[in-house]
Amino acid sequence: MSAEDEFDVVVIGGGPGGYATALYGAAAGLSIAIVERDKVGGTCLHRGCIPAKEFLETAAVHRTVEGSKEFGVGVSGISLDFGVSQDRKVAVVDKLWKGLTGLLKGRKIETFSGTGMLLPGQQVQVLDGEDAGRVLAARNVVLASGSVPQLLPGFDVDGRWVMTSDEFLDLRKLPASVVVIGGGVVGCEFASLLADLGTKVTILEAMEQILPGCDDDIVRVVVRAFKKRGIDIVTGAKVESHTPSADGTVTTVKAGDQSWDVEAIVVSVGRRPRTEGLVADGVGVQIDRRGFVATDEYQRTGVDGVWAVGDIVAGAPQLAHVGFAEGIVVVKGILGEPVVPVDYTKVPWAIYCHPEVAFCGMTEAQAKAAGYEVVTKKDPFGGNSRAQIIGDTEGVVKIVAEKRADGTAGRILGVHMCGPWVTEQLSGGYLAVNWEAFAEEVAQFIQPHPSLSENFGETMLALTGRGMHLA
Ligand SMILES: Cc1cc2nc3c(=O)[nH]c(=O)nc-3n(C[C@H](O)[C@H](O)[C@H](O)COP(=O)(O)OP(=O)(O)OC[C@H]3O[C@@H](n4cnc5c(N)ncnc54)[C@H](O)[C@@H]3O)c2cc1C
């Protein structure tokens, strides 16, 4: 078989990991092709980050309108037409997709349509689709095939009772009652927006708390806020099955000796890598039992010229921006430039439920488990002037610092935020954690007033032992 086209880099999969590699590589002067079986943009643009945030924005607008009386703004007859929100989502996604398609073209990145398979000798065959049969030769191949929702035995996705995030994000009408199985990031975002829009929600979580991986103080705030909004949270729940009623109105979800009658079930128990058929036999890329691709910290698979990025990488957080960062690492590696690998323990996390959560670095429990003695400070948003002005005071900023021998706060280990627009406020915390800054170094930086970010500044001041408002 001879290759028809030759590129510096062929990327299999045009999601965030793949398109970031392509754009950064093209900016560095490399010739790049993407093989994409569906639409460039991947899960993030079409079935993940963007559609979910679009619906969360509908929920935020609804909350604002419901609370408008407090500001003297009268509104009567609040109604919800979720079909309009769905149409708006489609329009936003479409616009971003066209923008991305144009950007790729503009950078002379060739996109081939079909399912790509890596063959020996850095060749990629397009197996189906418009470009079926094409074989692309590359000096480097980047595997970026992403992930799909993890399914759960006893809960077959049927489009009627049981949905994953894929089906949920296509709804035009919301069910009146929902069980969300899994209280992780996606489950909590969906539960939050459903509750805001009038659906009765129960979260069933197998672990002892929702949002595993988040700092306990942040989880406490989210749990309190969710319960206040009528969301039931059942932890330690081992779901078994569901049985639709004879009259077809509800289905009964069973977990141990408890059960719930609901109109729909959303399964959000994680995502599995989509690597079946991605690599031909004998190529030597190591794919583990669960389908994840093994790489070193430079995203190398161990096969010369074959790299992997994004949700398929073993041990990496499944986040779009992690895929972006890994793409940059790959391109620098290809160019032989100095490169700093992505430190997965220090990437920023964002959860867009209400109240919003954003964090970076170690939780207090993780720091202690790693052997650190720590100093922590917490500044609740209740005392923040901007939070009071906007009428959204639920939440807290918590910073975890290493304790020095003299008992004072030293290096910043983790920054954890929950409250209004915290995903937009995390960048200072991200820099502090990744620069391994000391509390007194960060504390000297000024925050604008009045602003939500003053809590970050005040918490840092408190860590130096001289908080103005916070002891
Ligand atoms: C509901 C939801 C909300 C989310 N919200 C956020 C968020 O707010 N922030 C965040 O950072 N992350 C979020 N994520 C996670 C984020 O979407 C993923 O981490 C990200 O999309 C992974 O990028 P990727 O490039 O690895 O894979 P994907 O985005 O899955 O893209 C892979 C692409 O490869 C294509 N493909 C697969 N196999 C082949 C093949 N053999 N040949 C050709 N093409 C192939 C697929 O069609 C797809 O387009 C969310 C996910 C979900 C489900």
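Residues E364 and V374 have side chains in contact (heavy-atom distance under 4.5 Å, counting atoms from C-beta outward). Side-chain contact between K403 and Y372: absent, with no pair of heavy atoms (C-beta onward) separated by less than 4.5 Å. Put simply, the side chain of H46 reaches to within 4.5 Å of the side chain of W97, judged on heavy atoms. Contact of the K53 side chain with the T423 side chain is not registered, since no non-hydrogen atoms from C-beta on lie closer than 4.5 Å. No side-chain heavy atom of V400 sits under 4.5 Å from any side-chain heavy atom of M362. Side-chain contact check for H321 versus P348: some heavy-atom pair is nearer than 4.5 Å. The shortest distance between side-chain heavy atoms of F445 and M460 does not fall below 4.5 Å. Contact check for L56 versus E189: side-chain heavy atoms found under the 4.5 Å cut-off.
Q150 contributes no side-chain N or O that, together with a main-chain N or O of S268, makes up a donor-acceptor pair within less than 3.5 Å. Side chain of T363 to backbone of Q366: a donor-acceptor contact under 3.5 angstrom is found. S259 places no side-chain N or O within 3.5 Å of a backbone atom of K254 that could act as its donor or acceptor partner. At distances below 3.5 Å, at least one donor-acceptor pair connects side-chain atoms of S68 with backbone N or O atoms of V73. Between the side chain of H449 and the main chain of E454, no donor-acceptor pair closer than 3.5 Å is present. The backbone N or O of A308 lies less than 3.5 Å from no partner atom in the side chain of E326, so there is not a single donor-acceptor pair. When atom types are taken as modelled, the side chain of Q388 and the backbone of G382 share a donor-acceptor pair closer than 3.5 angstrom. In this structure a side-chain-to-backbone donor-acceptor pair under 3.5 Å is missing from E167 to V157. A donor-acceptor pair under 3.5 Å is absent between the side-chain atoms of E424 and the main chain of W421, judged by distance alone. The main-chain N or O of G154 is never found under 3.5 Å from a side-chain atom of S241 such that the two would form a donor-acceptor pair.
Interatomic distance, OG1 of T251 versus NE2 of H242, reported as 5.0 Å (0.5 Å rounding). With values rounded to the nearest 0.5 angstrom, F82 atom CZ is found 11.5 Å from K173 atom NZ. We find the CG-NE2 distance between L193 and H354 to be 12.5 Å, quoted to the nearest 0.5 Å. A distance of 12.0 Å separates CZ in R272 from CZ in R290, rounded to the nearest 0.5 Å. With rounding to the nearest 0.5 angstrom, the CH2 atom of W161 is 8.5 Å from the CG atom of D158. Here the OG1 atom belonging to T21 is positioned 10.5 Å from the CG atom belonging to L143, to the nearest 0.5 angstrom.
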Using side-chain hydrogen bond (donor to acceptor under 3.5 Å, both in side chains), reason through S145 and R37 one step at a time and then give a plain yes or no.
CA-CA 9 Å; S145 52; R37 66 193 294 172; over 6 Å; no
Can you list the steps and then say if F381 with V396 is a side chain to side chain contact (heavy atoms under 4.5 Å, CB included)?
CA-CA 5 Å; F381 277 107; V396 67; 5.6 Å; no
Are T376 and I399 close enough, and set up right, to give a side chain to side chain contact (heavy atoms under 4.5 Å, CB included), and what steps lead you there?
CA-CA 6 Å; T376 67; I399 302 179; over 6 Å; no
Test log, rule side chain to side chain contact (heavy atoms under 4.5 Å, CB included), inputs K377 and K398:
CA-CA 6 Å; K377 289 289 174 193; K398 173 176 177 177; over 6 Å; no
Begin with the C-alpha distance, continue with both residues' side-chain angles, and end with the deciding distance and a verdict on salt bridge (charged side-chain N to carboxylate O under 4.0 Å, His left out) for K105 and E110.
CA-CA 7 Å; K105 264 198 195 125; E110 270 197 70; over 6 Å; no
Report the C-alpha distance between E297 and Y344 in whole Å, list the side-chain angles of each, state the deciding distance to 0.1 Å, and finish with yes or no for side-chain hydrogen bond (donor to acceptor under 3.5 Å, both in side chains).
CA-CA 10 Å; E297 75 260 50; Y344 295 136; over 6 Å; no
For L426 and W349, run side chain to side chain contact (heavy atoms under 4.5 Å, CB included): C-alpha distance rounded to whole Å, both residues' side-chain angles, the deciding distance at 0.1 Å, then the answer.
CA-CA 9 Å; L426 184 67; W349 283 81; over 6 Å; no
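Enclosure of atom CG in D257 is not indicated, since only 12 or fewer non-hydrogen atoms of other residues, nucleotides or ligands lie within 6.0 angstrom. More than 12 heavy atoms of other shown residues, nucleotides or ligands fall within 6.0 angstrom of atom CD in E276. Surrounding CH2 of W260 are more than 12 heavy atoms belonging to other residues, nucleotides or ligands, all under 6.0 Å away. Counting non-hydrogen atoms of neighbouring residues, nucleotides and ligands closer than 6.0 angstrom, the CZ atom of R47 exceeds 12 such neighbours. No more than 12 heavy atoms of other residues, nucleotides or ligands sit less than 6.0 Å from atom CZ of R88. Summarising the local packing, CD1 of I446 is surrounded by 12 or fewer heavy atoms from other residues, nucleotides or ligands at distances under 6.0 Å.
Here the closest heavy-atom approach between residue T464 and residue A443 is recorded as CG2-CB, 3.7 Å. Closest heavy-atom contact between S165 and V186: CB-CG1, 4.4 Å. P273 and D311 make their closest contact through CB-O, 4.4 Å (heavy atoms, listed as atom of the first residue, atom of the second, distance). Between L470 and T459 the shortest heavy-atom distance is CD2-CA, 4.1 Å. Here the closest heavy-atom approach between residue G327 and residue V309 is recorded as N-CG1, 3.9 Å. Residues L197 and A59 share a closest heavy-atom pair of CD2-CA, 3.8 Å.
The one candidate from N455, D215, D217 that meets the side chain to side chain donor-acceptor pair (under 3.5 Å) condition with K378 is D217. Between C188 and the choices V180, I210, V219, the side chain to side chain contact (heavy atoms under 4.5 Å, CB included) rule is met once, by I210. Exactly one of V142, I12, L104 qualifies for a side chain to side chain contact (heavy atoms under 4.5 Å, CB included) with I34. That residue is L104.
Counting only residues at least two apart or in different chains, side chain to side chain donor-acceptor pair (under 3.5 Å) contacts with residues 193-214 comprise R63-D196, D196-R229, K200-D232. Screening residues 170-225 for ring-ring contact (aromatic ring centres under 6.0 Å, His included) gives F168-F190 as the qualifying pairs, with residues at least two apart or on separate chains.
Salt-bridge formation is detected for the pair E402/R411: a Lys NZ or Arg NE/NH1/NH2 atom is positioned less than 4.0 Å from an Asp or Glu carboxylate oxygen. R220 and D216 are not joined by a salt bridge, as no carboxylate oxygen comes within less than 4.0 angstrom of a charged side-chain nitrogen. The pair K346-E436 counts as a salt bridge, with a side-chain nitrogen and a carboxylate oxygen less than 4.0 angstrom apart. Using a 4.0 Å cut-off between a side-chain N of Lys or Arg and a carboxylate O of Asp or Glu, D87 and R172 qualify as a salt bridge.
A search for side chain to side chain donor-acceptor pair (under 3.5 Å) contacts involving S451 returns S453, not counting sequence neighbours.
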